J.: 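Please read through the structure below; I'll follow up with questions.
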Amino acid sequence: MTEHIVLRHRDIPDIGQLEVYLKHGGFETFTDVVKNKSPQEIIDVVKASGLRGRGGAGFPTGLKWSFLGKAKPRYVAVNADESEPGTFKDREIMEHNPFQFLEGVAICCYAAEANHAYIYMRGEFWDNAARMEEHIQQLYDRGFLGKNLFGAGFDLDFHVHLGAGAYICGEESALLESLEGKLGMPRLRPPFPTVNGLFSAPTVINNVETLTNVPLIVSRGSDWYRSFGTEKSPGTKIFCLSGNIAKPGNYELPLGTPFRELIFEHGGGIPDGKKLKAILPAGASAPILMATDEVLDTKMDYESVPNVGSQLGSASVIIIDDSVDISWVEYKITKFFKHESCGKCTPCREGTYWMLHILERIHEGTATPDDVDLLDSVAQGVQGKCLCALGEFASGAVVAGVERFRSDFDLKVASQ
Amino acid sequence: MLADKYRERIDGILAKYPEGHRRAAIMPLLYMAQHEYGYLSRQAVDEVAGILGLDPTEVGKLIGFYTLFHDEPGGRARVQICTDLPCALRGAEHFADALCENIGVQLGETTEDGALTIEAVMCLAGCDRAPMFQVQDSEGIHYHENQTVESAMEIIEGLRKQAADD
């Protein structure tokens, strides 16, 4: 790809400064939208672009906006709680291309007819949040936020709200609970947030990367956006590459790029003369894949990754080499989910606890041969029984790990 | 009292949320209280509850849920090393062990001089720059990435010196 859509600071180094962003057409789209377009026109162009939510679920963004309830006030809540292991893309956007992100939030607010946006950033992004507050103040000073914008009668305020360390708050309904000052526990749905969300009002919740796409989609049109990616997964995606890889980092590539190209061309392959063994395509949250030729030739888009038994999710691709024991990988993943389970649903709270116990036995060398089947049975018992996806992620990781790398577990247990 | 000392800041925080939904200010106010007192004591919780007109239980229950809130005093700075899977694949567990050995504490412990608490934490969104850690203190939270044991020990010595100077 010759040009970045989201990581534009890689093409225009100082775009993180408002003056530079404005010089490159920044906030012209938002100004034009508020002065000359109806909210429905914006929803239509985003719908036509085929943009899908970049936080993991891949839900069509324009469609989500069109579901908004009629009641007022309405809110926009931005999910900047980036906490999936292996994900570090929203952070780069907010640190280096913050104004394109903020313009995306502003356009989203106009389309949603919302006068307030809350940017929910994970508490660990403390320094980043302080800078975000400064950027927002600059937008007020320049007349891009505030009352009666461009004389068109639209009021808009942005607020930064810090989380305090809880992965579950990246789940959209838990994020709303947390923003309201409660424990970050998922809500029962329906009603969906678009009808009854933040402070019981219709609310759009979108991820940072999703919204950062919006200014260019609106200014250049849906056909331009669809010239990247595949028919069902248009546009580009930031792939976060981490683990046993020569060049870890963020790579913005068209959706549909094969795993092989990401890992070996962009990521520089596996270091230290080791071989590729396994891939986690979406951090801890999607089933682990064996690095077969079929998997490596699979296109990384929302429709293709499920064909080989996993998900694209947030596209946080963790690379695992052949020196790594997958029973240890599953131990680490389960430790994460056990820590992050909010405790609301019994199968997730208890299931992650018991799965971790068994994996600890395997890891520490006190397991019996029956423990691998026991682990699998506990994991299967959690599936399909929880309010949110965390229980599904936690159990799915273990089921896939045991199914696809059974010999690693059996070897580990037999060696004890 | 927070309510007297930070009246203006508290009003600014409350104004971010709509009338009738001021409870949303709990987390920002807990951060403020934690920075003032070093940790969230019973008194700090009572004060935050008082500002919002809530039962202290409603405020206190959040502390155990969110990892950046602490209901017990720790070191002046908390050194929180990510040992989650992506960092662990790049040696973060060995890195954490080496730091602990050099400092002479176990994970979760506080140094005798009260300067540091060393902790292992879950993913901090710095996976491509592992090993990495964050330092949480009364000033805020700062990231230190692409670390070696040597570079980390320099930062740790700096934190200890700061604590001694206080």
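Order of the sequence lines sets the chain letters (A, B, ...), proteins ahead of strands, with each chain counted from 1. Given the structure is predicted, the values throughout are model-derived calculations rather than measurements.
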J.: Find out whether P186(A) and C342(A) are in side-chain contact, i.e. whether some heavy atom of one side chain is under 4.5 Å from a heavy atom of the other.
T.: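 With C-beta onward as the side chain, the pair touches.
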J.: Give, as side chain, backbone, both or neither, the part of L183(A) having an atom under 4.5 angstrom from any heavy atom of chain B.
T.: both
J.: Mind running side-chain contact (heavy atoms from CB on, under 4.5 Å) on R160(B) and T111(B) for me, showing each step along the way?
T.: CA-CA 10 Å; R160(B) 289 190 123 157; T111(B) 53; 3.3 Å; yes
J.: Side chain, backbone, both or neither: which part of I333(A) has a non-hydrogen atom closer than 4.5 Å to chain B?
T.: side chain
J.: Is R131(A) salt-bridged to D127(A), cutoff N-O under 4.0 Å?
T.: no
J.: Using a strict 4.0 Å threshold on nitrogen-to-oxygen distance, state whether E93(B) and K332(A) make a salt bridge.
T.: yes
J.: Salt bridge or not for E92(A) and R10(A), using N-O below 4.0 Å?
T.: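 Looking at R10(A) together with E92(A), the answer is yes, because their closest N to O distance falls below 4.0 Å.
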J.: Among G184(A), G249(A), A166(A), S242(A), which residue has the highest count of heavy-atom pairs closer than 4.5 Å to chain B?
T.: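 Greatest number of close heavy-atom pairs with chain B: G184(A).
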J.: Taking every heavy-atom pair that is under 4.5 Å apart, which of K247(A), H161(A), K335(A) has the most such pairs with chain B?
T.: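 Top option by heavy-atom pairs under 4.5 Å: H161(A).
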J.: Closer than 4.0 angstrom, basic N to acidic O: yes or no for R9(B) and E36(B)?
T.: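 A salt bridge is absent here (no side-chain N lies under 4.0 Å from a carboxylate O).
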J.: With a 4.5 angstrom heavy-atom cut-off, could you sort out which part of Y118(A) is near chain B: side chain, backbone, both or neither?
T.: side chain
J.: Indicate yes or no: at least one non-hydrogen side-chain atom of I168(A) is less than 4.5 angstrom from one of E340(A).
T.: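 No, side chains not in contact.
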J.: So for I26(B), is it side chain, backbone, both, or neither that comes closer than 4.5 Å to the heavy atoms of chain A?
T.: side chain
J.: Is S178(A) in contact with chain B via its backbone, its side chain, both, or neither, using a 4.5 Å heavy-atom distance?
T.: both
J.: Among M185(A), E82(A), H339(A), which has the most heavy-atom pairs under 4.5 Å with chain B?
T.: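 Sorted descending by pairs with chain B, the first entry is H339(A).
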J.: Go through the atoms of Y31(B) and report whether side chain, backbone, both or neither lie under 4.5 Å from a heavy atom of chain A.
T.: side chain
J.: With the threshold set at 4.0 Å, does a side-chain nitrogen-carboxylate oxygen contact exist between D128(B) and R91(A)?
T.: no
J.: Would you mind checking which part of E139(B) comes under 4.5 Å of any heavy atom in chain A, side chain (CB onward), backbone (N, CA, C, O), both or neither?
T.: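 Answer is backbone: N, CA, C or O of E139(B) sit under 4.5 Å from chain A.
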J.: Select, from K89(A), R122(A), E84(A), H116(A), the one with the greatest count of heavy-atom pairs under 4.5 Å involving chain B.
T.: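 Going by pairs under 4.5 Å, I would pick R122(A).
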J.: Against chain A, label R22(B) side chain, backbone, both or neither, depending on which of its atoms sit under 4.5 Å from a heavy atom there.
T.: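 Neither part.
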J.: Which residue out of C87(B), G126(B), C123(B), A25(B) racks up the most heavy-atom pairs below 4.5 Å with chain A?
T.: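 Most heavy-atom pairs within the cutoff with chain A belong to C123(B).
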J.: If only atom types and distance count, is the side chain of D137(B) paired as donor or acceptor with the main-chain N or O of R76(B) below 3.5 Å?
T.: no
J.: Which residue in the set F101(A), F125(A), F158(A) passes side chain to side chain contact (heavy atoms under 4.5 Å, CB included) when paired with M132(A)?
T.: F101(A)
J.: Tell me, side chain or backbone of P28(B) under 4.5 Å from chain A's heavy atoms, or both, or neither?
T.: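 Contact with chain A involves the side chain of P28(B) alone.
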J.: Which bit of I319(A) is near chain B, if near means a heavy-atom gap under 4.5 Å: side chain, backbone, both or neither?
T.: backbone
J.: Please rank P73(A), G165(A), A130(A) by heavy-atom pairs under 4.5 Å with chain B and give me the top one.
T.: G165(A)
